Amino acid sequence: MKSNRWKRSVVELNGRFESKYRHDLSALLMQSYSQIGAFPHLYHVDRVLCPTHEGIVNSQILQRSRAGDVAMIDHRRPGISALDFDCKGIYLVSATRSGCLTVHDFESLYYQCNGTLPGVGLKEDQSKHLLHIPLPQQLDAVRWNLANQDEVACASTRSNVVSIYDIGYISDEPVEVLKTRRSVTVVGSDVQKGLSDLAFSAVNTSRLIASDTHGVVNIWDRRVGVLPSLELSTGSHGTLNSIQLHAENQIIFAAGKHGSIYLWDLRGGRTSAPFHNHKEAQSKIVSQEIHSIDLDPSCSYQLAFHLDDGWSGVLDVYNSRVSHVHCPPPAWLSDSNNSADQLHLRKPSWLSTNSIYAVGSSSDHGIHLLDFFPGSSSPSHVDYNEDIESLSERTKLKKENRFVPLSEGVTACVTHPLNNTIVAGTKNSSLLVVSQKQQCTSDSMLEQ
């Protein structure tokens, strides 16, 4: 008891948590999450069903007629494809495979959850939307401009354009449209490119980056024109599903269909360099498609990756070594009837603190909260020793990954930048709000 009082006094004196102490608290934090609300995408445009709403209705008709194997018109297929918060967590933008771009007032969503039962569908007040624009093709990526929080950009793997909208204008038309350069095959026909992911620079207000379906990272200087000022090639024609900016926005990471992670240093000296792990223990693992990569906001050298088979891990970018690995339990273990959906890319998200990675399950309705703390005390670390950790005097709660059951299958996650509330987008185009229990306060955590 005395040591606990001393530990609390040190925290109050320094005004910050020691990293290992924060890791001790992360077990309690992970246990506190549960679903508090669900918002179906049941919106209208001029009193007519929006494309996503129409896709949900069609999907339900197919399920009721037991014709789920009949292919739907692709641009009407439901599902949240991407989510992003603005820097302050005031607005949440969502994109659907059916082509709806929506900017939500997050505070309105969150407080509407109070007093409701988990999993109960809530009707979002559509008048609170800043934008709800139905577009003619599916959307696959959406990002806020880090340097101008009035701007949000979206892109599609079916189109070679980036559309940028300004939420300050009440308009369905983009304020700017950027395009990739024209490419031709050896026989002279046009190459149909699509764009899979987006990134804005936080230090260069005019720079926008997008990965495409032909293994190229396109970089625009918006002061110069609508075409890319620089193209970075992987030498492969496979789709790059995900990109990340690192080290003062000067290093670009990209990953995709062929299971490699590429990097470019824009300061010079390093060109495209695919990462391959040559450790003997992993030499026989077949490369899997990488759905997403994400840099840890609380540990800059940790690059998380998520694979199409449901595995996740961390690449230590300083020494090009995989430091953490998580293999989800097989579907048959939980009697799940949900097979992995190959039509949706899963997009996880880091919590803003504690190096916890929120990943949508590939086979169940729910998310995995993965402890990717940068050290061997993490249960997912490749050098983790359970016997040693169990004897540690610092361990108050068992450190383990946690599965949080939800009402629907998850395709994308995003975490509130200030309070770590998780919003999960689903295969049915719903938004699920996953939050910490009210009793999990800083004081209760410190008393542990």
Side-chain angles (χ1 to χ4, degrees), residues 18-24 26 30 197 199 211 217 234 240-256 258-267 269-328 346-359 368-386 388-389 399-401 415:
E18 178 191 16
S19 62
K20 290 186 178 180
Y21 181 51
R22 186 185 292 276
H23 189 213
D24 289 341
S26 66
M30 292 168 70
D197 198 11
S211 55
V217 173
T234 62
L240 293 173
N241 292 325
S242 185
I243 54 175
Q244 287 282 288
L245 279 171
H246 180 58
E248 298 181 349
N249 296 264
Q250 295 299 319
I251 295 179
I252 299 175
F253 290 94
H258 294 314
S260 295
I261 297 176
Y262 300 87
L263 68 89
W264 296 264
D265 191 335
L266 300 182
R267 295 167 297 189
R270 300 181 74 179
T271 57
S272 170
F275 165 77
H276 300 284
N277 196 316
H278 297 291
K279 294 182 69 175
E280 182 178 352
Q282 299 179 353
S283 61
K284 294 184 180 180
I285 295 178
V286 178
S287 294
Q288 298 285 337
E289 179 178 4
I290 299 175
H291 279 198
S292 183
I293 54 174
D294 301 274
L295 284 162
D296 183 354
S298 52
C299 184
S300 61
Y301 60 83
Q302 291 206 140
L303 181 72
F305 57 86
H306 182 67
L307 308 181
D308 66 345
D309 59 2
W311 285 54
S312 301
V314 171
L315 173 66
D316 183 333
V317 299
Y318 285 170
N319 58 29
S320 297
R321 174 180 177 268
V322 172
S323 58
H324 299 69
V325 173
H326 173 259
C327 171
R346 291 180 299 278
K347 298 181 178 180
S349 176
W350 287 100
L351 270 64
S352 60
T353 58
N354 296 77
S355 293
I356 296 172
Y357 199 45
V359 181
H368 296 281
L369 296 181
L370 306 181
D371 180 348
F372 281 167
F373 180 77
S376 59
S377 60
S378 162
S380 300
H381 197 276
V382 294
D383 295 325
Y384 177 74
N385 188 316
E386 187 173 6
I388 294 177
E389 291 301 323
K399 298 181 179 70
E400 58 185 1
N401 301 315
T415 305

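Computed from heavy atoms alone, side chains included, the values below leave out hydrogens, waters and symmetry copies. Remember, predicted model here, so these are calculated numbers, not experimental data.
Applying the ring-ring contact (aromatic ring centres under 6.0 Å, His included) test to H368 and every residue at least two apart in sequence or in another chain returns H326, F403. Under the side chain to side chain donor-acceptor pair (under 3.5 Å) criterion, S380 pairs with N401, not counting sequence neighbours. S355 meets the side chain to side chain contact (heavy atoms under 4.5 Å, CB included) test with D296, S298, C299, Q302, W350, P374; sequence neighbours excluded. Listed by chain and residue number, nothing satisfies the side chain to side chain donor-acceptor pair (under 3.5 Å) test with H381 (two or more places apart in sequence, or in another chain). Every residue two or more places apart in sequence or in another chain that forms a side chain to side chain contact (heavy atoms under 4.5 Å, CB included) with H23 is listed here: S26, D371, F373, S377, K399. Every residue two or more places apart in sequence or in another chain that forms a side chain to side chain donor-acceptor pair (under 3.5 Å) with H306 is listed here: S312, R346.
With hydrogens and angles disregarded, no donor-acceptor distance shorter than 3.5 Å links the side chain of S376 to the backbone of Y384. Remark: the backbone N or O of L295 is paired with a side-chain donor or acceptor of Q244 at under 3.5 angstrom. Side-chain atoms of N354 do not come within 3.5 Å of backbone N or O of I356 as any donor-acceptor pair.
Looking only at side-chain heavy atoms (C-beta outward), W264 and I251 stay at 4.5 Å or farther from each other.
Of all non-hydrogen atoms in V314 and F305, the two that sit nearest each other are N-CE2, 3.5 Å.
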For this session: Show your working on side-chain contact (heavy atoms from CB on, under 4.5 Å) between I290 and I261 and close with a plain yes or no.
Result: CA-CA 8 Å; I290 299 175; I261 297 176; 3.7 Å; yes

